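Here the structure is laid out as structure tokens; the discussion comes afterwards.
Worth knowing before you read on, the calculation uses all heavy atoms, side chains too, and leaves out hydrogens, waters and symmetry mates. Chain letters run A, B, ... following the sequence lines, proteins first and then strands; every chain starts at 1. Worth saying up front: this structure is predicted, and the values here are computed from it rather than measured.
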Amino acid sequence: MKFSHESIEINAGLMIVLTMIAISIGGLVEIVPLFYIDETIEKVEGVRPYTPLEQKGRDIYTREGCYLCHSQMIRPFRDEDMRYGHYSLAAESQYDHPFQWGSKRTGPDLARVGEKYSNQWHVQHLKAPRSVVPESIMPNYPWLLENDLDYSDIADRMRALKVTGVPYSLTTAEYQANVEKFGKETADQLNILEAEENLLAQAQSEDFDGDRARLTEMDALVAYLQVLGTMVDFSKYDEGYFAEFR
Amino acid sequence: MAEQQHGKAVQTTGHAWDGDLQEYNNPLPTWWLWTFYASCVFAIVYWVLYPTWPLGKGYTTGIKTITFEENGKEVTTNWNTRARLIKEMQTGEESLKQKAYLDKVSQASYQEIVNDPDMTAFVNSMAKGLFGDNCAACHGVGGTPAMIGQYPNLGDDAWLWGGKVENIEQTIRHGRLGYMPAFGTVLDDAQIDALANYVLSFSEDTVDSNKAAAGEKIFKSEAAGCYYCHTTGATGLYSQGSANLTDAVWTVADVPGADGLDAKLEAVKGVIRNGVKREMPSWSGRLSDTEIKLLTVYVHGLGGGQ
């Protein structure tokens, strides 16, 4: 069949495929280069992949659809800077797969919620948001405190993230590279072979959900929320430094 | 679609479906066409001025520049939103207006701020926003929390850690750890019951006076040691963050929400049995000195600051 205007118009399947290609070019041209242009990723200290417990919390965050209402991207505007804190850096979400950027906010942005409130507040707020913020429209998540945390698959999840480029380590060489890059303490946390032990140890080290004896989904989620936006020490950098990457 | 336009016959696209179904090929409306050309010209001008096209490992930065100040030096860079934010914070009209006030407030003493109506108005307006973003999650909008028993009410005149500006400032800056041990395993039920009666006797006159008297003994005994923190008069110590039990203000036990004496006793007993652990985070890393000052004045003004 000769390829012509008519052949596209009378063939719905072909038309759908070609329409999709045409539409995706815009999106791909805008987004894909960002993954390859190294010079837009700020060189900052402190950003590390999530620990097993935090990663588990992040998976619960994704499972519960928190991202539908909460973005994790503070834009470089005066009003956002004053409300949420320093604007988000590309470097801060370099280990996020998928990232949690967005501009649709039904609830507030969470990019810098870490260490802002106490663990106790997060537990109460996730269980019954209106008991602390009466005007809130967030649903209750009481099961987080009731469900035991199933962490049996954490090593597999870390392996999967490793494929996407997150430097979790399996071999001694990879572990050593992490020691160089992040220091020993963090490198230990990124070791897939000790994922379960590390997860349990971190859950024991701090009282996330108000009950140390039980490991619940709340423990993991609160551990994750408390680390958001806390990895970079902005007092170390001049503001102009970040503008150099744009 | 008109068959005739400007007196000329309109061409068809030349396709025919089902033998005779044809489509007119009317020209685009002139206004639409010119809007399209104008958009193209706009886009080209935009590409030249601003960062736009990705090029493999880099991108076109555009020829428009922006200048801001850094460490006393002028820095000029290609236009970007980050540089624009820095510039706006330094020289934007709103920022300058705000900065003039902030400089004045940061130099002034608490007394000077309170005495100057202009500064007080500014502090209340800006601190209200800060309070909403940072404090209201626990303390509630306006300083009154949603439920008794979780976080202190800042709208009343009862203070756990002191209500002077210095106390409030320290609380915001360094945070506080409120702690009362759990007595559920130390004391038996009768003792806890007696203590609850004693504590409630200050605000309720229907409690069992015999039990209350027994409770007072336990309160002041070495075995329970309540008085270490709450003092022998049960008025509390700011240095310990221990509650004044003699007023009718309840910050942990939800006595006002309890229906009837038994429920009130139960609320107090719950606190004695399980203890209290409350944390106010430190804000010195998140808020600037001036912001802490603004909030201090605001909180001091909420409910009878001392």
What part of A:Arg130 lies closer than 4.5 angstrom to a heavy atom of chain B: side chain, backbone, both or neither? backbone
Give the member of B:Ser95, B:Ala83, B:Gly285, B:Gly175 that has the highest number of heavy-atom pairs under 4.5 Å with chain A. B:Ser95
Is it true that A:Arg214 and A:Glu146 make a salt bridge, defined as a side-chain N closer than 4.0 Å to a carboxylate O? no
What residues, two or more places apart in sequence or in another chain, satisfy salt bridge (Lys or Arg N to Asp or Glu O under 4.0 Å) together with A:Arg112? A:Glu92
Tell me, for A:Gln124 versus chain B, whether the close heavy atoms (under 4.5 Å) come from the side chain, the backbone, both or neither. side chain
Please determine, among A:Gln120, A:Glu135, A:Lys116, the option with the most heavy-atom pairs under 4.5 Å with chain B. A:Lys116
State plainly whether the residues B:Lys269 and B:Glu266 are in salt-bridge range, i.e. N to O under 4.0 Å. yes
Top residue by heavy-atom pair count (under 4.5 Å) with chain A, among B:Val75, B:Asn71, B:Thr77, B:Leu130? B:Asn71
Select one option (side chain, backbone, both, neither) describing which atoms of B:Gln98 are under 4.5 Å from chain A's heavy atoms. side chain
Check each atom of A:Tyr87 against the heavy atoms of chain B and say whether the ones under 4.5 Å are side chain, backbone, both or neither. side chain
Interchain contact, B:Glu94 with chain A, by part (heavy-atom threshold 4.5 Å): both
Between A:Asp233 and chain B, with a heavy-atom cut-off of 4.5 Å, which part of the residue counts as in contact: side chain, backbone, both or neither? neither
Results of side-chain hydrogen bond (donor to acceptor under 3.5 Å, both in side chains) for A:Trp143 - residues two or more places apart only: A:Glu64
Using the ring of each side chain (for Trp, its six-membered ring), is A:Phe234 parallel, tilted or perpendicular to A:His86, with breaks at 30° and 60°? parallel
Side chain / backbone / both / neither for B:Glu70 at chain A, heavy atoms under 4.5 Å: side chain
Go through the side-chain N and O atoms of A:Tyr50 and A:Asp96 and say whether any donor and acceptor fall under 3.5 Å apart. yes
Between B:Pro145, B:Cys138, B:Ser282, B:Gly132, which residue shows the highest count of heavy-atom pairs closer than 4.5 Å to chain A? B:Cys138
How long is the gap from CG on B:Leu287 to SG on B:Cys135, to the nearest 0.5 Å? 7.5 Å
Note: vs chain B, highest number of non-hydrogen pairs under 4.5 angstrom among A:Gly240, A:Ser235, A:Ser131 is A:Ser131
Pick whichever of A:Ser118, A:Pro108, A:Pro129, A:Gly210 has the most heavy-atom pairs under 4.5 Å with chain B. A:Ser118
May I ask you to check whether B:Thr76 and B:Thr65 show a side-chain donor-acceptor distance below 3.5 Å? no
What part of A:Val29 is in contact with chain B, defined as an atom under 4.5 angstrom from a non-hydrogen atom: side chain, backbone, both or neither? both
Check the pair A:Ser71, A:Trp101 against side-chain hydrogen bond (donor to acceptor under 3.5 Å, both in side chains), reporting the backbone distance first and the verdict last. CA-CA 6 Å; A:Ser71 56; A:Trp101 308 335; over 6 Å; no
Out of A:Arg83, A:Glu239, A:His125, A:Glu115, which one racks up the most heavy-atom pairs below 4.5 Å with chain B? A:Arg83
Pair B:Ser106, B:Lys104: side-chain N/O donor-acceptor within cut-off below 3.5 Å: no
Please state whether the side chain, the backbone, both or neither of B:Trp79 comes within less than 4.5 Å of a heavy atom of chain A. neither
